[in-house]
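All chains are named by letter (A, B, ...) in the order of the sequence lines, taking the proteins before the strands, and each is independently numbered beginning at 1.
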Amino acid sequence: MAGLREVQGANKCRVRAYRNAARSIDNLGRSVAEMAERGEDLSAIPGIGKELARKAVEISATGSLADLTRLRRQVPRAVTELMDLPGLGPNKARQLHEALGVATRSELAEAAQAGRIRRVPGFGPKTEERILAELAARRSDKGSNRSRFRHADVEQVVEGLLAHVRRDRGVVRAEAAGSFRRGKETVGDIDMVAACRPGYSVIDHFVSFGGISRVVSKGPTRATVVMRSGLQVDLRSVDKDSWGAALHYFTGSRAHTLKIRLMAQRAGLKVNEYGVYDGDRKIAGETEEDVNAALGLPYIEPELREDRGEVEAGLDGRLPELVTEGDIRGNLHTHTVATDGRMTLRQVADGAMARGYEYIAVTDHTQSLRITNGQDPARVLAQFAEIDRLNDELEGRLRVLKSAEVDILLDGSLDLPDGVLREMDVVVCSVHSHFKLPRKHQTERIIRAISKPCPIILGHGTGRKINVREPYDVDIEAVIDAAARLGRVLEVNGQPERLDINDVYAKMAKEAGVKLSVSTDAHRLSEFDFMRHGVMQARRGWLEARDVINTLPLEEMLASFG
DNA sequence: GCCGTTTTCGGCCCGACTGTTTTCAGTCG
């Protein structure tokens with residue numbers, strides 16, 4: 001709607017309202033269709049008012065939008081296709097369409113090859129070349145949906161880039177900002193900020209980095225490059241007395257920044273990436289704490305900056321004290337060589353002790369999950385005997401907990417007999433099959449499973465794998481309600497491709513009074529490091545140490561089930 | 001079309017870079 005209205009020359013603020021609303025819904029982490037179905041008031045979503053709430057309900061109910069259909073008839077398809085090309089916005093797309101009469105992308109390509117674009121007023125040879133290059137790239141790129149990158153997959157690149165930037169002697173500090181710094185599970189690009197000695201710019205040094213395949217734009221204070229992997233990286237270089245303001249601005253999220261700027265504006269102040277200004281006088285900018293303080297706000301952790309209530313909480317002094325990796329006393333989801341893990345029991349224990357944990361749960365798969373060599377009751381009990389011997393050897397330095405990742409069967413029963421379940425300290429139970437069940441059935445199945453009177457942790461509650469597999473169709477909010485009622489625990493799984501349940505559901509669970517565990521689902525020793533990713537997701541879900549059972553000493557942890 | 005610590009009207013973040021122009025519009029983040 002925004003694009004089409006823009007082409008038609010609609011009021012810019014109205015266009016922006018659509019964009020803001022779309023972004024807000026994108027960042028919501030919940031299904032608006034579901035909310036509509038539950039009869040929730042959609043205008044409670046930031047950026048959604050009465051009219052857009054009505055439109056959202058219409059889309060949810062009918063699968064289409066009458067206004068959109070009408071607009072599409074009014075605006076030639078070619079114009080919107082042209083707008084998808086980087087560098088072409090609504091105005092240029094419209095000009096091209098009107099001047100050359102091109103109706104499709106291939107006609108545009110023909111026009112470009114014939115040199116007709118450069119003769120359109122306002123266009124030139126460079127624009128023509130760029131259009132050709134972009135069209136060619138689209139053709140060769142076909143089928144590869146340019147998905148976002150998983151956070152863990154770009155960490156090394158970010159470290160390399162930062163090390164390169166910091167090597168420049170004019171650089172005082174440099175950090176990644178953007179969604180990477182906010183700990184989002186995926187990132188679309190990498191934003192970085194460098195603080196330099198006064199008057200110095202690191203941009204030339206930055207673009208000399210080895211892994212760069214293309215410099216998209218480059219000025220004295222910022223550059224955009226594309227790495228060979230296709231990852232785009234933006235660097236912003238500022239004087240060190242603007243470090244805080246620049247880091248704040250480029251960390252975003254855009255919705256968070258926008259909210260703060262509007263707030264400042266109402267207070268008669270101006271915020272930009274150089275600082276906070278009272279008229280011409282700069283009143284803050286060197287640190288993020290200064291910037292926020294100038295606006296009457298405490299420091300807000302990057303993971304919270306999504307305009308999900310953190311600004312209001314900051315104003316009211318209600319910001320959560322987020323859980324840290326240092327708070328974690330144990331890991332409640334690991335696998336050994338008994339099933340599909342690569343660690344022996346002893347190695348699991350050693351890994352846990354190396355990380356200073358007080359306890360660790362061994363949660364191998366159960367019999368129904370054949371592909372992992374899942375354990376039948378006899379093997380489970382044999383493993384428990386082995387755990388008893390190991391605990392004796394460890395003499396209290398670590399407690400290895402008896403557990404399993406018990407399969408939730410099709411009907412919601414658990415994959416081990418009650419007698420075996422009773423031997424366990426905690427029971428992780430998870431869905432590994434029948435992903436395609438109808439929503440109602442899937443939801444009832446999971447709720448039945450966690451209703452079993454055991455100390456149950458629901459493992460990876462939605463089954464999604466980022467960029468690989470969609471979540472199964474489950475009413476996770478109903479599961480959260482059930483967990484709250486039953487005193488069951490939901491897991492935040494730290495596997496970088498799972499991170500399941502996600503930040504939004506974790507926050508929802510917390511607000512419903514549900515406790516969570518943050519665990520690694522480690523199959524090998526190095527995967528103990530996944531705790532970092534799990535904690536990051538938990539922090540994005542506003543979780544504090546007291547919300548996470550594995551920050552508790554052993555006995556208290558065991559007592560935290562309903 | 002949204003929104004409110006100047007609240008139901010009258011505003012709407014702010015700056016960098018590019019390509020084209022010869023002082024700036026368009027695009028992007």
Trainee: For atom C1', what is the distance between B/dT20 and B/dA25, given to the nearest Å?
Mentor: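 It comes out at 9 Å once rounded to the nearest Å.
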Trainee: Given B/dG15, B/dT5, B/dG1, which nucleotide is nearest the side-chain atoms of A/Lys270?
Mentor: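 Selected nucleotide (nearest to the side chain): B/dG15.
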Trainee: Taking only residues two or more places apart in sequence or in another chain, which ones pass ring-ring contact (aromatic ring centres under 6.0 Å, His included) with A/Tyr277?
Mentor: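 Testing A/Tyr277 for ring-ring contact (aromatic ring centres under 6.0 Å, His included), a comparison that skips the adjacent residues, returns none.
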Trainee: In residues 53-65 of chain A, what residues come within less than 4.0 Å of DNA chain B, judged by heavy atoms?
Mentor: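 Output list: A/Lys55.
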Trainee: Give a yes/no on whether any side-chain N or O of A/Gln265 is located under 4.0 angstrom from OP1 or OP2 of B/dC14.
Mentor: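 For B/dC14, OP1/OP2 do have a side-chain N/O of A/Gln265 under 4.0 Å.
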Trainee: For B/dC28 and B/dC13, measure between their C1' atoms and round to the nearest Å.
Mentor: 14 Å
Trainee: A/His248 has an atom NE2; how far is it from atom P of B/dC14, in whole Å?
Mentor: 14 Å
Trainee: Say we look at B/dG1 and B/dT8: how far apart would their C1' atoms be, to the nearest angstrom?
Mentor: 14 Å
Trainee: Going by salt bridge (Lys or Arg N to Asp or Glu O under 4.0 Å), name the pairs with one or both residues in residues 9-25 of chain A, residues two or more places apart or in two chains.
Mentor: A/Glu6-A/Arg19
Trainee: If you look at every heavy atom in A/Lys465 and A/Arg498, which pair is closest and at what distance?
Mentor: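 Scanning both residues, the minimum pair turns out to be CE-NH2, 3.6 Å.
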Trainee: Please state the P separation for the pair B/dC17 and B/dG11 - nearest whole angstrom.
Mentor: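 Those two atoms are separated by 32 Å.
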Trainee: What one-letter contact string describes nucleotides 22-29 of chain B from 5' to 3', where B marks a base within less than 4.0 Å of any protein heavy atom, S marks contact via sugar-phosphate atoms alone, and - marks no contact?
Mentor: ----SSSB
Trainee: Choose from B/dA16, B/dC2, B/dC13 the nucleotide whose nearest atom is closest to any side-chain atom of A/Thr221.
Mentor: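 Comparing B/dA16, B/dC2, B/dC13 against the side chain of A/Thr221, the answer is B/dA16.
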Trainee: Taking ring-ring contact (aromatic ring centres under 6.0 Å, His included) as the test, write out the residues that go with A/Phe149, two or more places apart.
Mentor: none
Trainee: What's the gap between B/dC9 and B/dC14 when it is taken at their P atoms, as a whole Å value?
Mentor: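 So the two P atoms sit 25 Å from each other.
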Trainee: Would you mind reading off the distance between A/Leu258 atom CG and B/dG11 atom C1', rounded to a whole angstrom?
Mentor: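 Going from CG in A/Leu258 over to C1' in B/dG11 covers 14 Å.
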Trainee: Can you tell me the distance, in whole Å, between the CE atom of A/Met263 and the C1' atom of B/dC14?
Mentor: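 Checked: the CE to C1' distance equals 17 Å.
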Trainee: Using a strict heavy-atom distance below 4.0 Å, which residues from residues 288-316 of chain A are in contact with DNA chain B?
Mentor: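 Correct list: empty, so none.
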Trainee: Hey, are A/Arg439 and A/Glu34 close enough for a salt bridge, meaning a charged N less than 4.0 Å from a carboxylate O?
Mentor: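 Here A/Arg439 pairs with A/Glu34 in a salt bridge, since their nearest N and O are under 4.0 Å apart.
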Trainee: My understanding is that only residues two or more places apart in sequence, or in another chain, count here; which of them pass side chain to side chain donor-acceptor pair (under 3.5 Å) with A/Gln8?
Mentor: A/Gln74
Trainee: Using heavy-atom distances to pick each residue's nearest nucleotide on DNA chain B, tell me which of A/Arg5 and A/Phe123 is more 5'.
Mentor: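 Looking at DNA chain B, the more 5' nearest nucleotide goes with A/Arg5.
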Trainee: Using the ring of A/Tyr200 (Phe, Tyr or Trp, six-membered ring only), decide whether A/Arg169 places NZ or CZ under 6.0 Å from its centre and within 45 degrees of its axis.
Mentor: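 So A/Arg169 doesn't make the cation-pi contact.
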Trainee: Roughly how many Å is it from CD1 in A/Ile260 to P in B/dC3, rounded to a whole number?
Mentor: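 Interatomic distance, CD1 of A/Ile260 to P of B/dC3: 18 Å.
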Trainee: Going by side-chain contact (heavy atoms from CB on, under 4.5 Å), name the residues that satisfy it together with A/Leu262, two or more places apart in sequence or in a different chain.
Mentor: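 Expected list: A/Leu258, A/Gln265, A/Arg266.
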Trainee: Just to confirm, is there a sub-4.0 Å distance from OP1 or OP2 of B/dA16 to any side-chain nitrogen or oxygen of A/Tyr274?
Mentor: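 Answer is yes, contact under 4.0 Å.
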Trainee: What integer distance in Å separates A/Arg266:CZ from B/dT7:P?
Mentor: 11 Å
Trainee: Could you name each residue pair satisfying salt bridge (Lys or Arg N to Asp or Glu O under 4.0 Å) that touches residues 119-130 of chain A, not counting sequence neighbours?
Mentor: A/Arg118-A/Glu128
Trainee: Which residues pass the ring-ring contact (aromatic ring centres under 6.0 Å, His included) test with A/Phe180, sequence neighbours left out?
Mentor: A/His151
Trainee: Please report the distance separating the P of B/dA16 from the corresponding atom of B/dT21, rounded so that it comes out in whole Å.
Mentor: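 Taking atom P in both B/dA16 and B/dT21, they lie 24 Å apart.
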Trainee: Go through the structure and list residues passing ring-ring contact (aromatic ring centres under 6.0 Å, His included) with A/His97, not counting sequence neighbours.
Mentor: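 Scan of A/His97 (ring-ring contact (aromatic ring centres under 6.0 Å, His included), adjacent residues dropped) gives none.
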Trainee: Taking B/dT22 as the reference, what is the distance to B/dT18 when you measure between their C1' atoms (whole Å, please)?
Mentor: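 About 15 Å, rounded to a whole number of Å.
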Trainee: Show me the pairs that pass salt bridge (Lys or Arg N to Asp or Glu O under 4.0 Å) and involve residues 208-234 of chain A, at least two apart or across chains.
Mentor: A/Asp204-A/Lys218
Trainee: Answer yes when A/Glu312 and A/Lys259 have at least one side-chain N-carboxylate O distance shorter than 4.0 Å, and no when they do not.
Mentor: yes
Trainee: Does A/Thr257 or A/Arg130 map to a spot on DNA chain B nearer the 5' end, using the closest nucleotide for each?
Mentor: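 This one resolves to A/Thr257.
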Trainee: Which nucleotide in the set B/dG15, B/dG1, B/dT18 lies at the smallest distance from any side-chain heavy atom of A/Lys218?
Mentor: B/dT18
